[in-house]
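When a ligand or atom number is given, it counts from 1 through the structure's own listing order.
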Amino acid sequence: MIGLSGGKDSLILSLALAVLRRRSPVKFGLTACIIDQTGGTMDTSLLEKFMAELDIPLSIFDHPTYSIMEERDERSPCSLCANLRRGILAAQAKEAGTNVLALGHHKDDAVETVLLNLFYGGRFKCYQPNMFMTRTEVKVIRPLIYIEERRIALEAARLDLPVTSACCPYSEKSKRLSAKKILEEMEKEIPEIKSNVIHALKNVLESDVW
Ligand code: SF4
């Protein structure tokens, strides 16, 4: 099951998996789910058409995520939102008869997550590219994790994909946006900064831990 947001990342992921489904010697099926967090106001018509062209069944799940976040007035709404959505998608995956959930996180997402965890949580960590969630018994995979966001954006524009993500009221205020800006600034001086952070994630030496 593809966790579809309607943004460029999950559209490229859907397209890539649809192509892979045709060519892979390992046979697998695809389905997708999008969570409408807006209270039913999201226009999904273009997405539905695109997924139908890819021959990927799409289900739409309404969930009042934004109102819950507003009520709870969380310090980090994005992490609550991500947890809620992952839980919903895992449940939807199981209902659809699969135990693999594919998410569209890319390299920039991973590096920003490292910075956020470091600066705000005091921990050097990121989600795994492949992760088994023991509670739901669903495996989360992130096939785009080594691909930079700018390449995904270029490809989505080149293919004129119907990007239709709902405008999130928290996106402009999110700490992730600050991490993105910091990275952009640092990348001017250190072009390989993202690869270096990913390399560090894969090579944490016990001897370096205080
Ligand atoms: S920006 Fe909005 S949609 Fe994205 S994780 Fe944060 S709260 Fe959720």
Worksheet item: Just checking, any donor-acceptor pair under 3.5 angstrom between side chains of Thr113 and Lys125?
Response: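 No donor-acceptor contact under 3.5 Å links the two side chains.
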
Worksheet entry | Lys180/Asp108 salt bridge by N-O under 4.0 Å criterion |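 Between Lys180 and Asp108 there is no salt bridge, as every charged N stays at least 4.0 Å from the carboxylate O atoms.
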
Worksheet item: So, does Thr38 use its side chain to make a donor-acceptor pair with the main chain of Thr41 at under 3.5 Å?
Response: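 Here the side-chain-to-backbone pair exists.
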
Worksheet entry | Contacting atoms of ligand 1, where contact means under 4.0 angstrom from a heavy atom of Cys81 |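 Matching atoms, with element in brackets: 3 (S), 5 (S), 7 (S), 8 (Fe).
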
Fill in: Face-on cation placement of Arg21 at Phe28 ring, 6.0 Å and 45° thresholds
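No - Arg21 does not lie over the ring of Phe28 by the 6.0 Å and 45° rule.
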
Item to complete: Around atom 6 (Fe) of ligand 1, find the nearest protein heavy atom and jot down its residue, atom name and distance.
Response: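 Checking every protein heavy atom, the shortest distance to atom 6 (Fe) of ligand 1 gives Cys78 SG, 2.3 Å.
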
Practice prompt. Starting from atom 2 (Fe) of ligand 1, find the nearest protein heavy-atom neighbour and note its residue, name and distance.
Written response: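 Checking every protein heavy atom, the shortest distance to atom 2 (Fe) of ligand 1 gives Cys168 SG, 2.2 Å.
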
Discussion item. Once you restrict to heavy atoms under 4.0 Å, what part of Arg85 touches ligand 1? Side chain, backbone, both or neither.
Written reply: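 It is the side chain that touches ligand 1; the backbone stays farther off.
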
